[in-house]
2 protein chains.
Amino acid sequence: MGGSQIRRNMPLFSIGIVMQLTDLTARQIRYYEEHGLISPARTEGNKRLFSLNDIDKLLEVKDLIDQGVNLAGIKQIFNVKQQQDDVPTDEENKEAEKVRKDLSDAELRKLLRKELLRAGRFNRGQGHPPRLQ
Amino acid sequence: MGGSQIRRNMPLFSIGIVMQLTDLTARQIRYYEEHGLISPARTEGNKRLFSLNDIDKLLEVKDLIDQGVNLAGIKQIFNVKQQQDDVPTDEENKEAEKVRKDLSDAELRKLLRKELLRAGRFNRGQGHPPRLQ
DNA sequence: AAACCATGTTAGATTATATAACATACCGTT
DNA sequence: AACGGTATGTTATATAATCTAACATGGTTT
């Protein structure tokens with residue numbers, strides 16, 4: 001099990017697609033960004049580009065809002081999770097860490113392709129939240 | 001659960017992203033479409049939207065072109081593969097095959113339930129082309 | 001009531017993409 | 001050598017998608 005994080009963090013989706021995938025309005029998505037719940041990448045021309053992780057988070061935001069949590073609360077929840085995720089579980093990081101550092105765009109793309117090629121039809125392990133894949 | 005599974009033929013990616021992912025120019029991608037090698041979906045406003053399958057195919061096109069095959073040849077190759085995929089490989093019951101090729105959500109769920117009832121595991125034979133997912 | 005929160009709506013600007021036409025380098029034939 | 005086809009580059013023009021910013025609004029809190 002390798003760097004699925006490359007895949008999940010790669011900025012791929014326009015806001016239009018994310019709207020469809022999440023059933024959120026553009027206004028909502030931008031508002032959530034404005035309040036630090038997500039930080040989508042940008043194109044050179046300043047268009048937002050969302051990753052799978054961004055979409056996951058948006059779905060989580062939506063869930064929590066449906067359950068009556070306000071944005072401040074959601075922000076806290078995300079912070080907690082963030083801390084938990086930062087605890088490195090034994091050695092699962094070494095390539096992942098390396099990857100995160102110094103890689104040209106071209107290299108990254110190549111890696112992504114490799115990942116995608118073998119990612120096949122395996123569904124994600126049991127993660128925390130329900131996840132896109 | 002919550003909802004979105006990303007299907008291989010779900011239209012998700014703008015041409016800009018596909019350019020990055022494949023290292024093809026917009027001109028090339030449109031030209032390949034013009035010649036029937038791919039058929040990306042369109043938005044209401046006529047913008048192309050590519051699926052993972054489309055990207056697969058484009059990468060394959062690129063590979064074959066690098067190997068000196070011309071578009072006519074690639075088209076033939078795709079036709080052959082298409083036919084092969086349509087042949088149920090004996091053990092592979094056509095329902096699993098259908099799942100792999102993907103259709104509506106409702107249909108998929110129905111098939112999965114049936115599968116589970118039969119305690120059948122799916123393993124599609126290790127097959128033809130490496131696939132993105 | 002006043003203030004705040006989350007979202008809707010509108011206006012105006014800019015980017016990304018579309019089609020279409022013409023240009024060109026590289027082939028293989030005649 | 002001239003010719004025609006193939007695959008791609010380039011340019012022009014149009015429009016769709018997205019951006020920011022501002023104002024509007026229905027609920028909640030205070």
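Order of the sequence lines fixes the chain letters, A, B, ..., with proteins taken first and strands second; residue numbering starts at 1 for each chain. Predicted model, so just to flag it, every value in this text is computed and none were measured.
Side-chain contact check for A:Arg8 versus A:Asp56: some heavy-atom pair is nearer than 4.5 Å. Side-chain contact between A:Arg30 and A:Thr25: absent, with no pair of heavy atoms (C-beta onward) separated by less than 4.5 Å.
Listed here is the closest heavy atom pair of A:Leu52 and A:Arg7: CD1-O, 4.2 Å.
In this entry the distance linking NE2 of B:His35 with P of D:dT8 reads 9 Å, nearest Å. Per the geometry, CD1 belonging to A:Ile29 stands 15 Å off P belonging to D:dA17, to the nearest Å. As a whole-Å value, the separation of B:Lys62 NZ from D:dT8 C1' is 15 Å. Here C:dA6 presents its P atom at 14 Å from CG of A:Asp66, a figure rounded to the nearest Å. As a whole-Å value, the separation of A:Arg30 CZ from D:dA21 C1' is 11 Å. Going from atom CD of A:Glu34 over to atom P of D:dT20 covers 9 Å, rounded to whole Å. Computed from coordinates, the B:Glu33 CD to C:dT17 P distance equals 14 Å when rounded to whole Å. Atom pair B:Ile65:CD1 and C:dA25:P shows a separation of 20 Å (rounding to whole Å applied).
The nucleotide whose nearest atom lies closest to any side-chain atom of A:Lys47 is, among D:dA7, C:dG8, D:dA17, D:dA17. Taking only side-chain atoms of B:Asn70, from C-beta outward, the nucleotide of D:dA7, D:dG9, C:dA16 with the closest atom is D:dA7. Side-chain atoms of A:Arg27 lie closest to C:dG8 of the nucleotides C:dG8, D:dT20, C:dC22. Nearest nucleotide to the B:Ile15 side chain, out of C:dT15, C:dT17, D:dG9: C:dT17.
A salt bridge does not link B:Arg48 with B:Asp54: none of the charged nitrogens is closer than 4.0 Å to a carboxylate oxygen. Salt-bridge annotation for A:Glu33 and A:Arg42: present, with a side-chain N of the basic residue lying under 4.0 Å from a carboxylate O of the acidic one.
Residue contacts for A:Arg48: at a heavy-atom cut-off of 4.0 Å it reaches the sugar-phosphate backbone alone, with no base atom in range.
Residue order along DNA chain D, read from the 5' end via each residue's closest nucleotide, puts B:Tyr32 first among B:Tyr32 and A:Gly16. Nucleotides of DNA chain C nearest to A:Ala72 and B:Phe50 differ in position, and the one nearer the 5' end is that of A:Ala72.
Contacts with DNA chain C (heavy atom under 4.0 Å) in residues 39-46 of chain A: A:Thr43, A:Gly45, listed by number.
OP1 or OP2 of C:dT17 lies within a sub-4.0 Å distance of a side-chain N or O belonging to B:Ser14. In this model, the phosphate group of C:dT7 is not approached by any side-chain N or O of A:Tyr31 to a distance below 4.0 Å at OP1 or OP2.
The local environment of CD in A:Glu44 is sparse, with at most 12 non-hydrogen atoms from other residues, nucleotides or ligands closer than 6.0 Å.
The only member of A:Ile17, A:Leu12, A:Ile29 that meets side-chain contact (heavy atoms from CB on, under 4.5 Å) when paired with A:Phe50 is A:Ile29.
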